[in-house]
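The structure appears right after this line, and notes come after that.
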Amino acid sequence: MALSKLSNLYRQVIMDHAKHPHNNQPLPQADHEIELRNPTCGDVLTVQLKIQDDKIIDAAYTGTGCTISQASASMMTDQIKGKTTAEVEKMVLGFSDMVLGKEVPDMERLLGEAAILQSVAQFPARIKCATLAWKAAYQAIEESENDD
């Protein structure tokens, strides 16, 4: 596939997640909730997790923000469901490295569809937008581990 067609496909996937986000609703059974803000762009996201036996049983988010933050939150909540907290922590660190332009081994396997956000590395002003939901999930997991 030509690079321009691939880039267009990635843009379409990001726009689809932003316009039709997955898991964008309150999670009544959540036992961990973190709200983070990106003052640069105005993004505000609340990530809610249901964690049981060190496993993400369910994940959702609410809030407002730019296309990148909404698409990233949608992809992130899809990818972390069913994963252990240790797996999610590794995913968050890998995602952060990826959007900073660093090499991430097995990136597609680790991040699934969220790996298409790799192109954010070309736009430093959008990195905070892309990582907002991921950082919130990481903080919620850290909070859950401190509760034990």
Side-chain angles (χ1 to χ4, degrees), residues 9-148:
L9 174 65
Y10 286 177
R11 234 184 335 269
Q12 287 175 354
V13 171
I14 290 168
M15 291 303 294
D16 187 52
H17 272 279
K19 289 180 182 178
H20 309 287
H22 306 174
N23 311 300
N24 184 6
Q25 72 250 345
L27 187 63
Q29 73 272 25
D31 48 23
H32 292 84
E33 175 178 303
I34 299 288
E35 179 184 276
L36 289 183
R37 297 171 179 272
N38 175 5
T40 308
C41 191
D43 305 323
V44 179
L45 291 178
T46 300
V47 172
Q48 296 177 304
L49 302 177
K50 172 70 176 163
I51 302 173
Q52 188 174 31
D53 299 325
D54 291 325
K55 193 171 193 175
I56 308 299
I57 304 302
D58 206 355
Y61 75 99
T62 56
T64 59
C66 68
T67 299
I68 295 294
S69 73
Q70 294 295 299
S72 184
S74 176
M75 291 180 207
M76 189 254 335
T77 54
D78 280 347
Q79 296 302 317
I80 68 172
K81 288 181 183 181
K83 302 280 194 301
T84 66
T85 54
E87 288 171 319
V88 174
E89 287 177 337
K90 185 176 179 181
M91 291 170 72
V92 170
L93 296 174
F95 185 85
S96 182
D97 283 348
M98 176 190 75
V99 297
L100 290 172
K102 297 178 184 174
E103 188 70 31
V104 178
D106 285 333
M107 180 175 58
E108 288 83 11
R109 186 187 59 72
L110 178 66
L111 300 174
E113 189 176 42
I116 68 168
L117 289 166
Q118 179 180 21
S119 60
V120 169
Q122 299 168 17
F123 307 97
R126 308 311 285 193
I127 292 170
K128 288 181 182 178
C129 304
T131 58
L132 191 63
W134 296 81
K135 288 180 179 180
Y138 189 88
Q139 288 181 22
I141 289 169
E142 292 292 306
E143 178 184 280
S144 79
E145 291 171 353
N146 290 334
D147 290 348
D148 294 340

query = Going through the distances and angles, do L111 and Q79 end up as a side-chain contact (heavy atoms from CB on, under 4.5 Å)?
reply = CA-CA 7 Å; L111 300 174; Q79 296 302 317; 6.0 Å; no

Can you name the closest pair of heavy atoms from [X] and [Y] and give their distance?
| X | Y | result |
| --- | --- | --- |
| K83 | E87 | CA-OE1, 3.3 Å |
| F95 | A114 | CE1-O, 3.9 Å |
| G101 | A121 | N-CB, 3.7 Å |
| A130 | V99 | CB-CG1, 4.4 Å |
| A60 | L27 | CB-CB, 3.9 Å |

Side chain proximity check, [X] to [Y], heavy atoms < 4.5 angstrom:
| X | Y | result |
| --- | --- | --- |
| L132 | S72 | no |
| R126 | C41 | yes |
| N24 | S74 | no |
| T67 | H17 | no |
| D58 | K81 | yes |
| I141 | I56 | yes |
| I80 | L49 | yes |

How far does [atom1] of [X] sit from [atom2] of [Y], to the nearest 0.5 angstrom?
| X | Y | atom1 | atom2 | result |
| --- | --- | --- | --- | --- |
| D54 | T85 | CG | OG1 | 4.0 Å |
| R109 | M91 | CZ | CE | 10.0 Å |
| Y138 | L93 | OH | CG | 5.0 Å |
| D78 | M76 | CG | CE | 9.5 Å |
| I127 | T40 | CD1 | OG1 | 11.5 Å |
| N38 | K135 | CG | NZ | 8.5 Å |

task = Tell me, yes or no, whether the heavy-atom count around K55 atom NZ, taken from other residues, nucleotides or ligands under 6.0 Å, exceeds 12.
result =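 Open: at most 12 neighbouring heavy atoms sit under 6.0 Å from NZ of K55.
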
ask   = Are a donor atom and an acceptor atom from the side chains of Q122 and S119 found within less than 3.5 Å of each other?
value =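 No pair is found: no donor N or O on one side chain lies under 3.5 Å from an acceptor on the other.
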
ask   = Cut-off 3.5 Å, side chains only: do W134 and S96 have a donor facing an acceptor?
value =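 The answer is no; no qualifying pair exists.
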
request  = Let me see the working for L110 and M98 under side-chain contact (heavy atoms from CB on, under 4.5 Å), right down to the final yes or no.
outcome  = CA-CA 11 Å; L110 178 66; M98 176 190 75; over 6 Å; no

Distance-only, no hydrogens or angles: does the [X] side chain make a donor-acceptor pair with backbone N or O of [Y] under 3.5 Å?
| X | Y | answer |
| --- | --- | --- |
| T77 | A73 | yes |
| D31 | I51 | yes |
| Q48 | A30 | no |

message = Show, in sequence, the C-alpha distance, side-chain angles and deciding distance for Q29 and I57, and conclude whether the side-chain contact (heavy atoms from CB on, under 4.5 Å) test is met.
response = CA-CA 10 Å; Q29 73 272 25; I57 304 302; over 6 Å; no

request  = Determine, stepwise, if the pair H32 / Q139 fulfils side-chain contact (heavy atoms from CB on, under 4.5 Å).
outcome  = CA-CA 9 Å; H32 292 84; Q139 288 181 22; over 6 Å; no

